Chemist: 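Structure provided below as structure tokens; questions to follow.
Below, each value reflects all heavy atoms present in this structure, side chains not excepted, and no hydrogens, waters or symmetry copies. Just so it is clear, the model here is predicted, and its values are computed rather than measured.
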Amino acid sequence: MRTATLGPAQRAESLAAMAERELDVLVVGAGVVGAGTALDAVTRGLSVGLVEARDWASGTSSRSSKLIHGGLRYLEMLDFALVREALKERGLLLERLAPHLVKPVPFLYPLQHKGWERLYAGSGVALYDAMSMARGHGRGLPMHRHLSRGRALRVAPALKKDALVGALQYYDAQVDDARFVATLVRTAAAYGAQVANHARVTSFLREGERVVGARVQDVEAGGEYEVRAKQVVNASGVWTDDTQSLVGERGQFHVRASKGIHLVVPKDRIHSSTGLILRTEKSVLFVIPWGRHWIIGTTDTDWDLDKAHPAASSADIDYLLEHVNAVLSVPLTRDDVEGVYAGLRPLLAGESDATSKLSREHTVAHPVPGLVVVAGGKYTTYRVMAKDAVDEAVHGLDLRVADSVTEETPLLGAEGYQALWNARARIAARTGLHVVRVEHLLNRYGALAEEVLQLVADDPSLGAPLQAADDYLRAEVVYAASHEGARHLDDVLTRRTRISIETFDRGTRSAREAAELMAPVLGWDKNQIEREVQHYEKRVEAERESQRQPDDLTADAARLGAPDIAAR
């Protein structure tokens with residue numbers, strides 16, 4: 001199978017190809033569900049288009065807790081079906097579909113009450129492990145274990161001695177959510193899907209009551225295309241109601257946005273060899289290992305302001321610091337925070353007024369002929385949502401369509417990953433890179449790391465790290481623009497890499513170097529380089545200003561001080 005190269009030329013070709021002939025399925029929205037839907041449809045033999053108004057995963061799917069998990073707390077709610085489904089998907093991703101991107105991660109659950117809590121929580125975690133093994137996809141993770149207070153403090157010395165009487169340790173999995181979505185999109189493209197980011201649906205095409213396609217504006221070049229399709233799938237997440245309004249029909253359900261924010265702090269600020277899961281008065285709080293950092297989150301509050309750029313307020317940051325400091329022997333301060341990001345969960349409205357109790361189940365509907373809507377759900381179960389959406393779309397196609405094969409279809413980079421991992425020392429010797437650099441590339445690109453290494457072979461200067469973000473090679477910036485569809489500096493610093501949240505300067509010191517690396521690939525002149533750098537700097541300052549504000553309204557107003565960049 002060929003690997004898809006998503007450079008500027010391919011994007012233009014894809015938009016033109018979508019407008020040339022009627023597609024079987026047009027997917028609107030390239031978050032994890034939309035990208036998964038495109039892959040599911042194209043691997044059934046359908047002709048598929050995928051359009052995204054901004055960048056791959058630019059909404060919810062790049063701002064999650066970065067966990068692939070069964071949802072341990074849903075067991076407490078007795079939602080066994082959701083947990084069982086998610087555990088199966090976790091196993092598939094770890095073992096078959098994306099072992100290069102999805103990795104095991106340990107969590108410690110501190111116990112605060114003797115006797116009953118160990119029995120209660122231990123029974124839940126034991127059931128969690130048993131359900132995973134029963135699905136036949138749990139063998140890749142160690143089983144949970146019970147720890148005394150002394151052993152727990154040896155595993156996590158950062159904890160206050162009086163914060164626990166003992167602990168449980170169990171395993172889940174984690175992923176770079178934005179990188180995973182970009183890989184999904186490339187996999188769909190490799191199987192023949194036409195894909196384009198920065199391509200906005202401005203209206204739906206109608207024949208009578210039937211939806212027969214969409215008008216798509218090229219946000220970069222300014223042209224407009226009529227893309228006809230037998231079925232259109234609306235997979236726009238928290239924008240579902242907005243997209244639905246373009247049809248002029250009342251939706252069968254509504255999607256509410258719940259804001260979750262996360263903090264990123266350096267690894268040395270919390271002395272622990274394991275992640276933590278802490279109970280709060282509303283939900284749970286995770287402290288998640290993330291390379292040379294920790295991710296701390298999340299909050300869960302209603303949000304009805306700007307959906308494109310949800311803002312974290314000072315109150316949000318204080319909430320997380322207060323709750324994590326309740327168990328840390330050395331408390332964190334604002335000065336320890338490298339990065340902050342806010343995302344919106346798409347929750348199906350109607351279950352309860354409290355967003356933490358709204359449904360994490362997903363729904364698929366066919367509100368008008370020719371239009372399928374998929375909404376709700378959680379990141380881990382994206383593949384099931386995508387399958388259900390395509391199953392629904394198939395009902396409106398006048399042809400026989402194969403069943404879903406995505407359970408058996410590895411993502412690009414998975415095939416050959418383990419063999420290359422075993423040969424990483426030899427690859428390091430061949431390329432002159434340190435073995436740690438090779439491991440970094442393999443865990444971000446899998447077998448596609450060879451394409452990044454080829455860039456270094458062609459231009460050895462690309463084998464050097466970025467000066468102000470030395471976890472990433474210069475080649476990765478070039479590759480993001482030439483192979484992964486990155487069109488703007490923000491795409492690279494925020495999603496293709498995570499420099500925007502992993503450095504205290506939020507990526508501003510890397511902006512010019514990255515822009516100059518992207519320029520030859522994207523045809524930027526000096527003026528465009530300057531525009532990209534200035535826009536990124538303004539974006540970071542607007543985010544910093546929002547995080548100084550006391551509440552959502554003032555934070556949202558401050559964040560909107562930096563508008564999205566437009567193409568030349």
Side-chain angles (χ1 to χ4, degrees), residues 53-59 62-63 178 197-198 219-220 261-266 293 305-314 316-317 334-343 464-474 476-478 480-481 484-549 554-568:
R54 296 187 294 145
D55 185 27
W56 321 131
S58 56
S62 60
R63 305 166 192 231
N197 55 356
H198 300 280
V219 178
E220 298 289 293
I261 84 143
H262 295 79
L263 310 180
V264 182
V265 302
H293 317 269
L305 301 168
D306 179 64
K307 294 188 181 79
H309 306 292
S313 69
S314 181
D316 292 327
I317 295 169
R334 287 286 187 111
D335 291 341
D336 295 317
V337 176
E338 292 173 288
V340 181
Y341 64 94
L466 292 168
Q467 291 180 12
D470 64 358
D471 279 351
Y472 298 95
L473 299 182
R474 287 161 55 86
E476 294 181 77
V477 175
V478 175
E484 296 181 328
R487 299 287 302 170
H488 294 287
L489 185 56
D490 188 51
D491 298 344
V492 171
L493 297 181
T494 307
R495 287 171 291 277
R496 303 305 183 280
T497 70
R498 286 351 248 298
I499 294 169
S500 66
I501 57 171
E502 293 176 349
T503 58
F504 279 105
D505 62 85
R506 310 276 173 100
T508 54
R509 290 174 56 214
S510 301
R512 189 164 299 278
E513 183 180 8
E516 289 173 351
L517 287 165
M518 296 171 70
V521 180
L522 298 175
W524 292 350
D525 58 20
K526 287 183 179 178
N527 289 336
Q528 182 68 9
I529 291 173
E530 201 60 42
R531 286 187 65 220
E532 293 280 340
V533 172
Q534 286 184 9
H535 169 266
Y536 186 79
E537 290 172 347
K538 286 177 181 173
R539 188 211 115 160
V540 169
E541 183 46 45
E543 286 190 347
R544 287 191 188 277
E545 185 59 31
S546 72
Q547 291 153 22
R548 299 182 191 110
Q549 303 306 309
T554 52
D556 180 63
R559 177 59 186 90
L560 291 176
D564 284 344
I565 193 166
R568 287 172 295 172

Chemist: Could you check whether any side-chain N or O of Arg509 sits under 3.5 Å from a backbone N or O of Asp505, counting only pairs where one atom can act as donor and the other as acceptor?
Modeler: no

Chemist: Less than 4.0 Å between a side-chain N and a carboxylate O, is that true for Lys538 and Glu541?
Modeler: no

Chemist: Is the shortest distance from a Lys or Arg side-chain nitrogen in Glu338 or Arg506 to a carboxylate oxygen in the other one below 4.0 Å?
Modeler: no

Chemist: Looking at Ala515 and Val533, what are the two nearest heavy atoms and their distance?
Modeler: CB-CG2, 3.9 Å

Chemist: Is the shortest side-chain heavy-atom distance between Arg474 and Leu466 below 4.5 Å?
Modeler: yes

Chemist: Rounded to the nearest 0.5 Å, how far apart are CZ of Arg334 and CG of Leu263?
Modeler: 8.5 Å

Chemist: Would a distance-only check, ignoring hydrogens and angles, find a side-chain to backbone donor-acceptor pair under 3.5 Å from Ser546 to Asp556?
Modeler: no

Chemist: What's the spacing between Asp471 CG and Thr503 OG1 if we round to 0.5 Å?
Modeler: 10.0 Å

Chemist: Quick one: OG1 on Thr508 to CZ on Arg544, what's the gap to the nearest 0.5 Å?
Modeler: 6.5 Å

Chemist: Of all the heavy-atom pairs spanning Gly485 and Trp56, show the shortest one and how long it is.
Modeler: CA-NE1, 4.2 Å

Chemist: Backbone N or O of Ala57 within a donor-acceptor pair of the Ser62 side chain at under 3.5 Å?
Modeler: yes

Chemist: Give a yes-or-no answer on whether the side chains of Glu220 and His488 include a donor-acceptor pair shorter than 3.5 Å.
Modeler: yes

Chemist: Give the intermediate values and the outcome of side chain to side chain contact (heavy atoms under 4.5 Å, CB included) for residues Val340 and Ile317.
Modeler: CA-CA 8 Å; Val340 181; Ile317 295 169; 4.2 Å; yes

Chemist: Please tell me if the side chains of Glu476 and Leu473 come closer than 4.5 Å, counting only heavy atoms from C-beta onward.
Modeler: yes

Chemist: To the nearest 0.5 Å, tell me how far Thr554 OG1 sits from Glu545 CD.
Modeler: 9.5 Å

Chemist: Does the side chain to side chain contact (heavy atoms under 4.5 Å, CB included) test come out yes or no for Val478 and Val521, once each step is laid out?
Modeler: CA-CA 7 Å; Val478 175; Val521 180; 4.0 Å; yes

Chemist: Which atoms form the tightest heavy-atom contact between Ala342 and Ile261, and what is the distance?
Modeler: CB-CG2, 4.0 Å

Chemist: Which distance, rounded to the nearest 0.5 Å, do you find between the CG of Leu560 and the CG of Leu305?
Modeler: 8.5 Å

Chemist: Provide the closest heavy-atom pair for Met518 versus Trp524 in the form atom of the first, atom of the second, distance.
Modeler: CE-CH2, 3.7 Å

Chemist: Look at the rings of His262 and Tyr341 and say which category their plane angle falls in: under 30° parallel, 30 to 60° tilted, over 60° perpendicular.
Modeler: parallel

Chemist: Which atoms form the tightest heavy-atom contact between Ala514 and Val477, and what is the distance?
Modeler: O-CG1, 3.6 Å

Chemist: Kindly indicate, with the supporting measurements, whether the criterion side-chain hydrogen bond (donor to acceptor under 3.5 Å, both in side chains) is fulfilled by Gln528 and Arg531.
Modeler: CA-CA 5 Å; Gln528 182 68 9; Arg531 286 187 65 220; 3.1 Å; yes

Chemist: Taking NZ, NE, NH1 and NH2 as the nitrogens, is one of them in Glu543 or Arg539 under 4.0 Å from a carboxylate oxygen of the other?
Modeler: yes

Chemist: After noting the C-alpha distance and the side-chain angles of Glu537 and Glu532, does the key distance pass the side chain to side chain contact (heavy atoms under 4.5 Å, CB included) rule?
Modeler: CA-CA 9 Å; Glu537 290 172 347; Glu532 293 280 340; over 6 Å; no

Chemist: Among Arg496, Arg498, Glu502, find the one that has a side chain to side chain donor-acceptor pair (under 3.5 Å) with Tyr472.
Modeler: Glu502

Chemist: Would the distance check show the side chain of Arg63 and the main-chain N or O of Ser58 forming a donor-acceptor pair, the cut-off being under 3.5 Å?
Modeler: yes

Chemist: Would you say Asp306's side chain and Pro310's backbone share a donor-acceptor pair under 3.5 angstrom?
Modeler: no

Chemist: Give me the atom names and distance for the closest heavy-atom approach of Arg559 to Ala542.
Modeler: O-CB, 3.8 Å

Chemist: Does Gln547 use its side chain to pair, donor to acceptor, with the backbone of Ser314 at less than 3.5 Å?
Modeler: no

Chemist: Can you tell me how far the OG1 atom of Thr494 sits from the CD1 atom of Ile499, to the nearest 0.5 Å?
Modeler: 9.5 Å

Chemist: Decide yes or no on side-chain hydrogen bond (donor to acceptor under 3.5 Å, both in side chains) for Asp491 and His198, but give the supporting numbers first.
Modeler: CA-CA 11 Å; Asp491 298 344; His198 300 280; 3.2 Å; yes

Chemist: When you measure from the side chain of Glu513 to the backbone N and O of Ser510, does any donor-acceptor pair fall under 3.5 Å?
Modeler: no

Chemist: Apply side-chain hydrogen bond (donor to acceptor under 3.5 Å, both in side chains) to Arg495 and Ser500, showing your working.
Modeler: CA-CA 9 Å; Arg495 287 171 291 277; Ser500 66; over 6 Å; no

Chemist: In plain terms, say whether Arg487 and Asp55 are close enough for a salt bridge, that is, a side-chain N and a carboxylate O under 4.0 Å apart.
Modeler: no

